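Structure first, then comments.
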Number of protein chains: 2
Amino acid sequence: MAEPESATVDLEIIVQGAQEGKKLELRLWLRMLSTTKLISQEIRRRLRNEFGATLPQFDLMAQLYREREGLRLGELSKRTMVTNGNVTGLVERLEADGLVLRVTPDGDRRVTVAKLTAKGETSFSAMAAAHEGWLRDMMADVDPAVVSELWRDIGAVKSSVSNHLSGADFD
Amino acid sequence: MAEPESATVDLEIIVQGAQEGKKLELRLWLRMLSTTKLISQEIRRRLRNEFGATLPQFDLMAQLYREREGLRLGELSKRTMVTNGNVTGLVERLEADGLVLRVTPDGDRRVTVAKLTAKGETSFSAMAAAHEGWLRDMMADVDPAVVSELWRDIGAVKSSVSNHLSGADFD
DNA sequence: CGTAAACCTTTGACATTTCAAATGTTGCTC
DNA sequence: GAGCAACATTTGAAATGTCAAAGGTTTACG
């Protein structure tokens, strides 16, 4: 908790925004992480209580909702940032619930395409509407201009991180 | 030799036509979530490759490192935002690895206090130093002034969210 | 053709996550 | 003291998450 005291006082404060102590990036990261956890947990709780769904299922269905013809599992994996092995089980459970359908196209039998059923589309659009409202509620006290700034600046963070990954990987 | 599976980003695509005006909060949320996932996965990968540790273990040890006398499991649960049941298993595995010690104080036998062993302290401080450097690297392209702004504004988001939770919960 | 490389998905072992219910302990009240 | 509410942790079932390795299927090349 305690910051190391500096013997020389004034100079540091002048030099490029050295707010209070270093580790700015670390502090930002910790705050991002805790805030994201907080929001995730709230959304999870509401999805569960009001729709009996889970957040990963919601995310996966959101991708399929945008692509009505369906998506290959590998593509789903990239878009949801979920590992391939994980997508398999996720789709299995959604299929068991009648929300998603799995098809192997004639052209290439390596591939499995998942797409929403009619029931899945109905179910998702109800959740999506509620989901959007929850977020507006939760962020109600934040100035819309700040929301916009955050959106832009977090984009810069995301971009920087993407360029400094250890496993070569980018857009 | 299988490559690590997860790949590129996206996940911001739930929004339909919202490029220009509405659903600002939703778009911010999706960007926060994907950015946080991206950073988490990178940290996870490096913790695993360079230290053989997991992120939740690192988080838990970070709390114990700040409180050398140890923490009760319930307190650990709050600080790490991990459920009680989960803390039990995490501490169990860390204890099996000799990084953490569990003690039941004489005063109150309901309580279990976890604290770092000497080995745990050594191990953690090496990881913490590396961890801080990784974050500086990943955010290297972001203007420090922007990092500060983000830290402040995300604080505002967190505060707003805390005031609009359905369950009883705050910080 | 036949084989190897590349591709896509699944499987398996384990760690983490949540919720709900069960267990054990303490403190308070009557 | 006996009973009970409050507290702290553990347990159990189900889902999600990772990585690594194994299955099938094309595709390309000699």
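Each chain gets a letter, A, B and so on, in the order its sequence line appears, and its residues count up from 1. Here the structure is a predicted model, which means the values were calculated and not measured.
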Query raised in the report: Pick the nucleotide of DNA chain C nearest each of A:D108 and B:D108; which residue has the one closer to the 5' end?
Result: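 Closest to the 5' end, via its nearest nucleotide, is A:D108.
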
**Report entry** Given DNA chain C, 5'-ward residue of the pair A:G74 and B:V82, judged by closest heavy atom
**Finding:**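 Going by which nucleotide is closer to the 5' end, it is A:G74.
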
Give the rounded distance in Å between these two atoms: [atom1] of [X] and [atom2] of [N].
X	N	atom1	atom2	value
A:K37	C:dT17	NZ	P	6 Å
B:K78	D:dC7	NZ	C1'	11 Å
B:E95	D:dT9	CD	P	14 Å
B:E92	D:dG12	CD	C1'	13 Å
B:E42	D:dG17	CD	C1'	17 Å
B:N86	D:dA14	CG	C1'	14 Å
A:R44	D:dG17	CZ	C1'	11 Å
A:L76	D:dG17	CG	P	13 Å

Can you see if the side chain of [X] gets near the phosphate of [N] - specifically, an N or O under 4.0 Å from OP1 or OP2?
X	N	result
B:Q57	C:dA15	no
A:T83	D:dT18	yes
A:R102	C:dC8	no
B:R72	D:dA8	yes

Query raised in the report: For A:R48, does the CZ atom have more than 12 heavy-atom neighbours from other residues, nucleotides or ligands under 6.0 Å away?
Result: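 Count not over threshold, so no.
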
Query raised in the report: Take atom CZ in A:R109; do more than 12 heavy atoms of anything else shown fall under 6.0 Å from it?
Result: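 Atom CZ in A:R109 is not packed in, count stays at 12 or less.
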
Requested in this report: Under 4.0 Å between any heavy atoms, over every strand shown, what does A:L55 touch: base, sugar-phosphate, or nothing? Just pick one.
Outcome: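 No contact.
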
Query - Sugar-phosphate, base or nothing in reach of A:T54, heavy atoms under 4.0 Å - result: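 Result for A:T54 = sugar-phosphate.
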
Proximal nucleotide (of [options]) relative to the [X] side chain:
X	options	result
A:T112	C:dT9, D:dT18, C:dT17	C:dT9
B:L73	D:dC19, D:dT10, C:dT10	D:dT10
A:T88	D:dG17, C:dT18, C:dT10	C:dT10
A:V111	C:dT17, C:dG24, C:dC8	C:dC8
A:R110	C:dA6, D:dT9, C:dT26	C:dA6
A:R48	D:dT10, C:dT17, C:dC19	C:dC19

Query raised in the report: Can you find a pair of side-chain heavy atoms, one from B:L55 and one from B:S40, that are under 4.5 Å apart?
Result: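 In contact.
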
**Report entry** Comparing A:L90 and B:N49 on DNA chain D - which has the more 5′ nearest nucleotide
**Finding:**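 Upstream on the strand: A:L90.
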
Between atom [atom1] of [X] and atom [atom2] of [Y], what is the distance when rounded to the nearest 0.5 Å?
X	Y	atom1	atom2	value
B:L116	B:L94	CG	CG	8.5 Å
A:E67	A:L71	CD	CG	5.0 Å
B:T80	B:K78	OG1	NZ	11.5 Å

